Asks: 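Pasting a structure here, questions to come.
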Amino acid sequence: MAKPKMVDLWLKKAGRDLRFSKAALTLEEQFFDEIVFHCQQSVEKSIKAFLTLHKEPFGKTHDIGELLLSVSKIDAELSKLLDSSKILSKYAVAIRYPDAQGLDVVIDSEAVNRSIALAEAVYVELSSRIG
């Protein structure tokens, strides 16, 4: 079975988001909001690549937990393995805007390092499964 082109396009975007996050760490200015956002994007796009490969539909969502419900239809163990990445969903939208009221989100170097580690783990795992 040939892999649909869209799978590779999703995975390429996911890899670019992850590489951008790592590169932003090397800058003199702290871009913590941007880094965690791109980590979330990497995870989201990696999962969408996996779902596309398996022809499992997904809606327009940034919610990693919702996407993992779709993954569980294909592979419940994989969904459990990726479960810790759900925490990145909180970085998808609201933190990008200056008027994000009521968010209980602290983005410090620990959160950035955890986000990069999660994004890398998801990307590596799903890339290996996609081939």
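If you read the sequence from its start, that first residue is 1, and numbering goes on from there. It should be emphasised that the depicted structure is a prediction, and the values quoted were computed from it without experimental measurement.
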Asks: Rounded to the nearest 0.5 Å, what separation is found between the CG atom of Leu78 and the NZ atom of Lys80?
Replies: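 Atom-to-atom, Leu78:CG and Lys80:NZ are 11.5 Å apart.
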Asks: Following the transitive rule for hydrophobic clusters with a side-chain heavy-atom cut-off under 4.5 Å over Ile, Leu, Val, Met, Phe, Trp and Tyr, establish whether Tyr123 and Leu25 coincide in one cluster.
Replies: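 Yes, it is one cluster - the side chains of Tyr123 and Leu25 are joined through contacts under 4.5 Å.
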Asks: What are the two closest non-hydrogen atoms of Ser84 and Leu118, and how far apart are they?
Replies: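 So the minimum-distance heavy-atom pair works out to OG-CD2, 3.4 Å.
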Asks: Should Val7 and Leu9 be regarded as members of a common hydrophobic cluster, given that ILVMFWY residues are connected when their side-chain heavy atoms come within less than 4.5 Å of each other, either directly or indirectly?
Replies: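 Yes, it is one cluster - the side chains of Val7 and Leu9 are joined through contacts under 4.5 Å.
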Asks: Spell out, yes or no, whether Phe20 and Val36 are grouped together once hydrophobic residues are joined by side-chain heavy atoms under 4.5 Å, including indirect joins.
Replies: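 No, no single cluster joins them.
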Asks: Looking at every non-hydrogen atom in both residues, tell me the closest pair between Lys3 and Gly131 and how far apart they are.
Replies: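 Taking Lys3 first and Gly131 second, the nearest heavy atoms are NZ-O, 2.9 Å.
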Asks: Is any side-chain heavy atom of His62 closer than 4.5 Å to one of Gln41?
Replies: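 Result yes, sub-4.5 Å side-chain heavy-atom pair found.
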Asks: Do you know the tightest heavy-atom contact between Lys86 and Gly65?
Replies: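 Looking at all heavy atoms of both residues, the shortest contact is CD-CA, 3.5 Å.
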Asks: To the nearest 0.5 angstrom, please state how far the CH2 atom of Trp10 sits from the CE atom of Met6.
Replies: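 It is 7.5 Å, given to the nearest 0.5 Å.
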Asks: Which heavy atom of Leu88 sits nearest a heavy atom of Ser115, and at what distance?
Replies: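 Shortest heavy-atom separation between Leu88 and Ser115 comes out as CD2-OG, 3.4 Å.
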Asks: Determine, for Asp75 against Arg129, whether the closest basic-nitrogen to carboxylate-oxygen distance falls under 4.0 angstrom.
Replies: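 The answer is yes: the pair qualifies as a salt bridge.
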Asks: How long is the gap from NZ on Lys13 to OG on Ser42, to the nearest 0.5 Å?
Replies: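 That separation rounds to 12.5 Å.
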Asks: Taking it one step at a time, do Leu82 and Leu126 satisfy side chain to side chain contact (heavy atoms under 4.5 Å, CB included)?
Replies: CA-CA 10 Å; Leu82 304 179; Leu126 292 180; 4.1 Å; yes
Asks: Using every non-hydrogen atom in the two residues, find where Ser109 and Phe32 come nearest and quote the distance to one decimal.
Replies: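 Heavy atoms only, the tightest pair is N-CE1, 3.4 Å.
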Asks: Answer yes or no: is there a donor N or O on one side and an acceptor on the other, between the side chain of Ser128 and the main chain of Glu125, under 3.5 Å?
Replies: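 Answer holds: yes.
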Asks: Is a donor on one side and an acceptor on the other found under 3.5 Å between the side chain of Arg16 and the backbone of Lys12?
Replies: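 Absent.
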Asks: Determine the minimum heavy-atom distance between Ala49 and Leu11, stating which atoms define it.
Replies: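 The pair with the smallest heavy-atom distance is CB-N, 3.9 Å.
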Asks: Would one find more than 12 heavy atoms of other residues, nucleotides or ligands at under 6.0 Å from atom CD of Glu56?
Replies: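 More than 12 heavy atoms, drawn from other residues, nucleotides or ligands, come within 6.0 Å of this atom.
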Asks: With rounding to the nearest 0.5 angstrom, report the CD to CD distance, Gln30 to Glu28.
Replies: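 Between Gln30 CD and Glu28 CD, I get 10.5 Å after rounding to 0.5 Å.
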Asks: If hydrophobic clusters are built from ILVMFWY residues whose side chains come within less than 4.5 Å, do Leu68 and Ile74 share one?
Replies: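 Linked, Leu68 and Ile74 end up in one cluster.
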Asks: Working to the nearest 0.5 angstrom, can you tell me the gap between Glu44 CD and Asp17 CG?
Replies: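 Between atom CD of Glu44 and atom CG of Asp17 there are 9.0 Å.
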Asks: Does Ile35 offer a backbone N or O that forms a donor-acceptor pair with the side chain of Ser21 under 3.5 Å?
Replies: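 Side chain of Ser21 to backbone of Ile35: a pair is present.
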Asks: In the structure I gave you, are the side-chain heavy atoms of Lys22 and Glu120 within less than 4.5 Å of one another anywhere?
Replies: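 Touching, per the 4.5 Å side-chain cut-off.
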Asks: Can you confirm whether Ile47 sits close enough to Leu51 that some side-chain heavy atom of one is under 4.5 Å from a side-chain heavy atom of the other?
Replies: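 Touching, per the 4.5 Å side-chain cut-off.
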Asks: For the atom pair SG (Cys39) and CD1 (Ile87), what is the distance rounded to the nearest 0.5 Å?
Replies: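 Result: 12.0 Å between the selected atoms.
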Asks: Is there a continuous path of hydrophobic side-chain contacts, each under 4.5 Å between heavy atoms, that joins Phe31 to Ile107?
Replies: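 No; tracing contacts between hydrophobic side chains, which count when under 4.5 Å, never links both residues.
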